[in-house]
Amino acid sequence: MSESQKKGYKEIPIGGMITKAGSSAEFKTGDWKSFTPVWEKEKCIHCMICPAYCPEDCIPKKDGKRLETDFDMCKGCGICAEVCPVKCIEMKEQGDSDE
Ligand code: SF4
Ligand code: SF4
């Protein structure tokens, strides 16, 4: 590319800026997690605390019940396990296979 074909500074997108809202939905943020939340469904009292605290909004709810985590979006941060009042979520390291 010759000097005359290079873009001027006004044509280059500004770095580090999110120019379109909701763009993270296009990425599977769960791809790079080290830990996975394992939910013991039977012990869950469906208090809805974990979906409220989940920063990825990846714990679905339906008819007053929480459902299984969307692992494509879960980052493995462990907040859900920390806030659960009945401790029915355990963070397991990726690759653990004791089930
Ligand atoms: S580990 Fe973090 S991102 Fe994953 S479901 Fe729990 S709170 Fe949400
Ligand atoms: S915080 Fe625990 S008990 Fe409450 S909905 Fe989540 S998993 Fe169930």
Side-chain angles (χ1 to χ4, degrees):
M1 183 183 290
S2 73
E3 282 299 315
S4 61
Q5 290 173 312
K6 284 184 182 171
K7 287 183 180 177
Y9 77 94
K10 288 183 181 169
E11 298 159 294
I12 298 171
I14 300 167
M17 286 190 70
I18 298 165
T19 53
K20 196 177 100 188
S23 58
S24 68
E26 294 165 22
F27 302 98
K28 289 186 178 177
T29 49
D31 273 1
W32 43 264
K33 65 179 166 291
S34 306
F35 288 88
T36 301
V38 177
W39 174 48
E40 259 186 88
K41 198 180 191 169
E42 300 71 30
K43 277 172 68 180
C44 177
I45 57 171
H46 301 278
C47 66
M48 299 302 155
I49 291 175
C50 62
Y53 276 85
C54 175
E56 287 299 306
D57 194 22
C58 64
I59 303 175
K61 310 162 287 273
K62 192 175 181 196
D63 301 329
K65 305 268 184 197
R66 81 149 267 181
L67 304 174
E68 185 55 276
T69 306
D70 176 355
F71 294 109
D72 281 345
M73 302 309 282
C74 168
K75 282 181 177 165
C77 67
I79 292 173
C80 53
E82 192 62 36
V83 298
C84 176
V86 295
K87 298 294 170 209
C88 67
I89 303 170
E90 188 186 344
M91 297 307 292
K92 294 221 169 167
E93 202 160 357
Q94 292 277 78
D96 279 4
S97 57
D98 59 345
E99 281 134 45

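Read the numbers this way: they start at 1 and go in the same order the structure lists the ligands and their atoms. This chain uses plain numbering: 1 for the first residue, then up along the sequence.
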- So, does Val83 sit close enough to ligand 2 that a heavy atom of it is under 4.0 Å from the ligand? no
- Task: Take atom 8 (Fe) of ligand 1 as the centre and count protein N, O or S atoms at distances under 2.8 Å.
- Result: 1
Check each atom of ligand 2 against the heavy atoms of [X] and keep those under 4.0 Å away; list them by number with element.
X: Met48; answer: 4 (Fe), 5 (S)
X: Trp39; answer: 7 (S)
X: Val86; answer: 3 (S)
X: Pro85; answer: 1 (S)

- Gly76 heavy atoms within 4.0 Å reach ligand 1 at atoms 1 (S), 4 (Fe)
- Which of the ligand 1 atoms, numbered from 1, are nearer than 4.0 Å to a heavy atom of Gly78: 1 (S), 2 (Fe)
- If you take all heavy atoms of Phe35 and Met91, which pair is closest and at what distance? CB-CE, 3.8 Å
- Can you tell me the protein heavy atom closest to atom 2 (Fe) of ligand 2 and the distance? Cys84 SG, 2.4 Å
- Nearest protein heavy atom to atom 8 (Fe) of ligand 2, by residue and atom, and its distance? Cys44 SG, 2.3 Å
- Item | Metal proximity, Cys47 vs atom 2 (Fe) of ligand 2, N/O/S cut-off 2.8 Å | no
Could you pull out every donor-acceptor pair under 3.5 Å between side chains of residues 69-90 and any protein atom, sequence neighbours left out?
from	atom 1	to	atom 2	distance (Å)
Thr69	OG1	Arg66	NH2	3.1
Asp70	OD1	Asp72	N	3.0
Lys75	NZ	Glu56	OE2	2.8
Lys87	NZ	Ala81	O	3.4
Lys87	NZ	Glu82	O	2.9

- Could I get the full list of side-chain contact (heavy atoms from CB on, under 4.5 Å) partners for Lys61, not counting sequence neighbours? Met48, Pro51, Asp57
- Residues two or more places apart in sequence or in another chain: which of them pass salt bridge (Lys or Arg N to Asp or Glu O under 4.0 Å) with Lys43? Glu40
- Query: Side chain or backbone of His46 under 4.0 Å from ligand 2, or both, or neither, by non-hydrogen atoms?
  - Reply: backbone
